[in-house]
Protein chains: 2
Amino acid sequence: MRSAEGARSSRADQADQRRAELLDAARRVVLERGLASTRVADIAKATNVSGGLIHYHFATKDDLITAMLRATSETEVKRLREIIAGPGTAVQRLDRVLRYYIPSSRSDQSWILWLDAWALGVREPHVREILLELEGGWIEILAEVISEGVAKGEFFCDDPVGAAERLDGMLDGLVVRYTLHSGAMSRKRLLEHARIAATHEVGIPRSAFPA
Amino acid sequence: MRSAEGARSSRADQADQRRAELLDAARRVVLERGLASTRVADIAKATNVSGGLIHYHFATKDDLITAMLRATSETEVKRLREIIAGPGTAVQRLDRVLRYYIPSSRSDQSWILWLDAWALGVREPHVREILLELEGGWIEILAEVISEGVAKGEFFCDDPVGAAERLDGMLDGLVVRYTLHSGAMSRKRLLEHARIAATHEVGIPRSAFPA
DNA sequence: CTAGACTGGTTGGTTGACCAGTCAACCGTC
DNA sequence: GACGGTTGACTGGTCAACCAACCAGTCTAG
């Protein structure tokens, strides 16, 4: 009765949990050390696990990294969807998306992962595919929010997808700048840039956004 | 008479030339193989030179890579300055800058170098510094062109530096997309995005740019 | 003008560190 | 007792950096 599908820790569950744990450790280690200098042994150590176990769950280091990127990308898009699912006007929703691009603090270094992934993606088609999905997700969501605003008469824009591509591109570029040279681009300034560009794209005044 | 300062191949000249040759080969090899998998031996082979010689001219691999990035960055900014030095209206000059961001063909992969450098820059302050100068150069030049246009009454923009930062950021982001997923972003569309964003930033109609 | 010392450039082989992936043996649970 | 999960030692290979030797010009003293 208990051991059927409601079982607390079947074999499969245990393996899945370990896999997830390894993926998580991999993400942490890569963020800390960078993709280039991340060894399988580092990830093993971060999980208090033997090196061999990694290769039991993931055939190659490449598999592990790829799976980690895919998992991270998927939860990222999922969270973003939750963000826009909430209530509010189109401007409020758009502002939430813009803010979600920007690292919330100096210690939030999640973008580093994507800088590494871009470089890797140049050579690795699998990685490129993951990145395409992630970027596509951002753009799609931005475009949705904009279209919605247009439908409600809040926004004015005859090419929501184009506008979304431009906004997404600008945010990517500016976040790189913010991540690499925090001195040359404050978080505040970055957000202001995002909001100004958004006003240009959806035809509303700056005052429509919070100060 | 011949051997004085007009000498064809003094010691110093020879060394400088070899250094330049090595830097050039390094750039080619890194573009082709990626930073992560570029070996000193690869660069040696590409120059038909022994591995030891590399370490004679550059103490460490890191030195070589850093010097190569710095040299590339500097010639990049120099070329960009030449681009805007030419004649024409402010719109024409701005358009030339926008076009200069964008790889001129599928085979022009020079941006790959900067994707690698961004990832490296996260960990290496020297690299970060080079990138800051490069990006700063782009922004400065964009801001100059915009300010000039404003002074001449061609453009309308009360914050040329802010506009330059936004345009530079957008172009960086979109070029990444173009470089990684050429299928999802054609060169034509990329240029169109650049021009549209520019019209927003400098307050001119789309028709001011070439079709 | 020239022989020999000196210097900078170059070679190729070597070394020591590092690391992904393998393997045989071990443990706990059903 | 069989199987999924786990260990840690081991292997084969790779690579940056070092080094001893060599060579081609250049300088200097006689």
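Reckoned from all heavy atoms, side chains included, excluding hydrogens, waters and symmetry mates. Chain identifiers are assigned alphabetically (A, B, ...) following the order of the sequence lines, protein sequences preceding nucleic acid strands; residue numbering begins at 1 within each chain. Bear in mind that the values here come from a model prediction, so they are computed numbers and not experimental data.
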For [X] and [N], what is the distance between atoms [atom1] and [atom2] respectively, to the nearest whole Å?
{"X": "A/Arg19", "N": "D/dT6", "atom1": "CZ", "atom2": "C1'", "result": "17 Å"}
{"X": "B/Lys45", "N": "C/dT11", "atom1": "NZ", "atom2": "C1'", "result": "16 Å"}
{"X": "A/Gln17", "N": "D/dT6", "atom1": "CD", "atom2": "C1'", "result": "15 Å"}

Distance test, side-chain N/O of A/Arg18 to OP1/OP2 of D/dG4, below 4.0 Å:
no

Could I get the full list of ring pair (Phe, Tyr, Trp, His ring centres under 6.0 Å) partners for A/Phe209, not counting sequence neighbours?
none

Considering residues at least two apart in sequence or located in another chain, which fulfil the salt bridge (charged side-chain N to carboxylate O under 4.0 Å, His left out) criterion with A/Glu21?
A/Arg18

Once salt bridge (charged side-chain N to carboxylate O under 4.0 Å, His left out) is applied, do any residues pair with A/Arg28, and if so which ones, sequence neighbours excluded?
A/Asp24

Do side-chain atoms of [X] reach the backbone of [Y] as a donor and acceptor pair under 3.5 angstrom?
{"X": "A/Ser182", "Y": "A/Thr179", "value": "no"}
{"X": "A/Asp42", "Y": "A/Arg39", "value": "yes"}
{"X": "B/Gln92", "Y": "B/Thr89", "value": "yes"}

Side-chain atoms of residues 110-118 of chain B: list all donor-acceptor pairs with protein atoms under 3.5 Å, sequence neighbours left out, distances to 0.1 Å.
from: B/Ser110; atom 1: OG; to: B/Asp108; atom 2: OD1; distance (Å): 2.9
from: B/Trp111; atom 1: NE1; to: B/Tyr101; atom 2: O; distance (Å): 2.9
from: B/Asp116; atom 1: OD2; to: B/Leu35; atom 2: N; distance (Å): 3.2

Just distance, no hydrogens or angles: give the donor-acceptor pairs under 3.5 Å from side chains in residues 127-137 of chain B, sequence neighbours left out.
from: B/Arg128; atom 1: NH1; to: B/Gly121; atom 2: O; distance (Å): 3.2
from: B/Arg128; atom 1: NH1; to: B/Val122; atom 2: O; distance (Å): 3.1

Using a 3.5 Å cut-off and no angle test, enumerate the donor-acceptor pairs between side-chain atoms of residues 53-64 of chain B and protein atoms at least two apart in sequence or in another chain.
from: B/Thr60; atom 1: OG1; to: B/Asp62; atom 2: N; distance (Å): 3.4
from: B/Thr60; atom 1: OG1; to: B/Asp63; atom 2: N; distance (Å): 3.1
from: B/Lys61; atom 1: NZ; to: B/Thr38; atom 2: O; distance (Å): 2.9

Take the C1' atoms of the five end pairs on each side of the helix from C/dC1-D/dG30 to C/dC30-D/dG1, derive the two axes, and give their angle rounded to 10 degrees.
10°

Restricting to side-chain hydrogen bond (donor to acceptor under 3.5 Å, both in side chains), what partner residues turn up for B/Arg187, sequence neighbours left out?
none

Any residue of residues 35-42 of chain B with a heavy atom less than 4.0 Å from an atom of DNA chain D
B/Thr38, B/Arg39, B/Val40

To the nearest 0.5 Å, tell me how far A/Lys188 NZ sits from A/Ile102 CD1.
13.0 Å

Let me know which of A/Arg189, A/Arg106, A/His193 forms a side-chain hydrogen bond (donor to acceptor under 3.5 Å, both in side chains) with A/Tyr178.
A/Arg106

Protein-proximity profile, nucleotides 8-13 of chain D, B/S/- by nucleotide at the 4.0 Å heavy-atom cutoff, equals B-----

Output every pair passing salt bridge (Lys or Arg N to Asp or Glu O under 4.0 Å) with a member in residues 78-105 of chain B, not counting sequence neighbours, ordered by first then second residue.
B/Arg81-B/Glu140, B/Arg81-B/Glu144, B/Arg93-B/Glu148, B/Asp95-B/Arg99, B/Asp95-B/Arg195

Check each residue of residues 55-71 of chain A for a non-hydrogen atom within less than 4.0 Å of any atom in DNA chain C, then write out the ones that pass by number, or none.
A/His55, A/Thr60, A/Lys61

